[in-house]
Protein chains: 2
Amino acid sequence: MSFFGTISSKKHNSLRLIIQLAQSYTDKKPVSLSEISSEEGISIKYLEQLIMPFKRADIIKSQRGRSGGYIMIKDPKKISLKEIIWLINDSPSLAICLDKDYDKSCNYDHNCISKNIWGKIQKSMEGFLDKIYLSEILENK
Amino acid sequence: MSFFGTISSKKHNSLRLIIQLAQSYTDKKPVSLSEISSEEGISIKYLEQLIMPFKRADIIKSQRGRSGGYIMIKDPKKISLKEIIWLINDSPSLAICLDKDYDKSCNYDHNCISKNIWGKIQKSMEGFLDKIYLSEILENK
DNA sequence: TTAAAATACTAGTAAATAAGTAGGATATTA
DNA sequence: TAATATCCTACTTATTTACTAGTATTTTAA
């Protein structure tokens, strides 16, 4: 059963990735993608792509070269699930017409019911996810 | 901004469709797809496909032949958003591994954190959507 | 009676997206 | 200086989405 369809493997793996990386925050030691690769069974090349959004958001930083890797620089206690899921997603809005960049006017009414509903759902989700932090997720491990 | 990616046009249109159909519950008069087609700008052939899940779930019934169409037979006061969104979705589970039919054992741990998280989110969503009814949506129209 | 208007069912298809692969460049350090 | 990392970008394959199309069946208004 699902509400928004199956979570893509990309999202699934991105989440697994960030959970792995969280280790490095307390260790203060970089984790390399080759380590994660062998633990998670995902190719390094693919992990490189998955990790990028987190780096761009300054949740992690990279250390190049031998014995390098990635270190989480934001406290997992301050990283909300909302933030993570936001980064994992590449699409702008739940409904296209909720997106501010979407200026092509909707074919339908200005006051689209469908739009309102998806907006409502999204708000509820935001509220929920904003209260769960990465640190809590790790504890349940 | 989104949590589960952009809502597909199919879902968007399915929702618009069921809202249109709700009219027929009080009217007790069938609404034809050709009417909805011209109102919503969606082809009849496509609407035929979108409407099927609702029919199978006995939310609406059909009346064939001239002056026929579809009539909603379940009270909109008793149709929750959860039910609707469930029907709109075709995929089994938020995360594949949450699906009971998914017997191919997960590559990963039995106790997958990612799985737990998506499961949590889903439960929260269910609770939220189960409290909103189609009738309320129509009132906000 | 019959033509029009509706649903019912199934197959096919073009476009977009997802999910990765691949290759090479650059940086760092043991 | 060789090994081991990240970085960057292009390409490819498979799947999914969003339809279209055709045909059969049913019903009823004229």
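A quick note: this is a predicted structure, and the numbers were derived from the prediction, not measured. Residue numbering restarts at 1 for every chain, and letters A, B, ... go by the order of the sequence lines.
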Please report the distance, rounded to the nearest Å, between [atom1] in [X] and [atom2] in [N].
| X | N | atom1 | atom2 | answer |
| --- | --- | --- | --- | --- |
| Ile44(A) | dA5(D) | CD1 | C1' | 9 Å |
| Tyr70(B) | dA5(C) | OH | C1' | 13 Å |
| Leu33(B) | dA8(C) | CG | P | 9 Å |
| Leu50(B) | dT20(D) | CG | P | 11 Å |
| Leu47(B) | dA21(D) | CG | P | 15 Å |
| Ile42(A) | dA19(C) | CD1 | C1' | 12 Å |
| Asn89(B) | dT17(D) | CG | C1' | 14 Å |
| Arg66(B) | dT1(C) | CZ | P | 18 Å |

Given dA18(D), is OP1 or OP2 found less than 4.0 Å from the side-chain N or O atoms of Ser8(B)?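 Yes, within the criterion.
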When you measure from the side-chain N and O atoms of Ser67(B) to the phosphate of dA6(C), is any distance below 4.0 Å, counting only OP1 and OP2?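 Result: no.
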Using a side-chain heavy atom cutoff under 4.5 Å and only I, L, V, M, F, W and Y, what cluster partners does Ile71(B) have?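 Ile71(B) clusters with Ile73(B).
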If every non-hydrogen atom of Leu33(B) is compared with every non-hydrogen atom of Leu47(B), which pair is closest and at what distance?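 Reported closest heavy-atom pair: O-CD1, 3.6 Å.
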Per the salt bridge (Lys or Arg N to Asp or Glu O under 4.0 Å) rule, which among Lys78(A), Lys74(A), Lys131(A) passes with Glu83(A)?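 The single option meeting the salt bridge (Lys or Arg N to Asp or Glu O under 4.0 Å) with Glu83(A) is Lys74(A).
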With a distance cut-off below 6.0 Å to the six-membered ring centre and an angular limit of 45° from the axis, does Lys28(B) pair with Tyr25(B) as a cation-pi contact?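 Judged by the rule, Lys28(B) and Tyr25(B) form a cation-pi pair.
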Between [X] and [Y] (side chain of the first, backbone of the second, donor and acceptor by atom type, cut-off under 3.5 Å), is there such a pair?
| X | Y | value |
| --- | --- | --- |
| Gln49(B) | Tyr46(B) | no |
| Asp27(B) | Lys29(B) | no |
| Ser37(A) | Ile42(A) | yes |
| Asn13(A) | Ser9(A) | yes |

Grab the N/O contacts between the protein and nucleotides 20-26 of chain C below 3.5 Å, and write none if there aren't any.
| residue | atom | partner | partner atom | Å |
| --- | --- | --- | --- | --- |
| dG20(C) | OP2 | Ser9(A) | OG | 2.9 |
| dT21(C) | OP2 | Ser43(A) | OG | 3.1 |
| dT21(C) | O4 | Gln49(A) | NE2 | 2.4 |
| dG23(C) | N7 | Lys45(A) | NZ | 3.3 |
| dG23(C) | O6 | Lys45(A) | NZ | 2.5 |
| dG24(C) | O6 | Lys45(A) | NZ | 2.5 |

Heavy atom of residues 51-62 of chain B under 4.0 Å from DNA chain D: which residues?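 Heavy-atom cutoff 4.0 Å gives no residues at all.
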Compare the minimum distances between each of dA6(C), dA5(D), dT27(D) and the side chain of Gln63(B), then state the nucleotide with the smallest one.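 Selected nucleotide: dT27(D).
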Enclosure of Lys120(B) NZ (heavy-atom neighbours >12, cutoff 6.0 Å):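 No - once you tally the heavy atoms of other residues, nucleotides and ligands closer than 6.0 Å, there are 12 at most.
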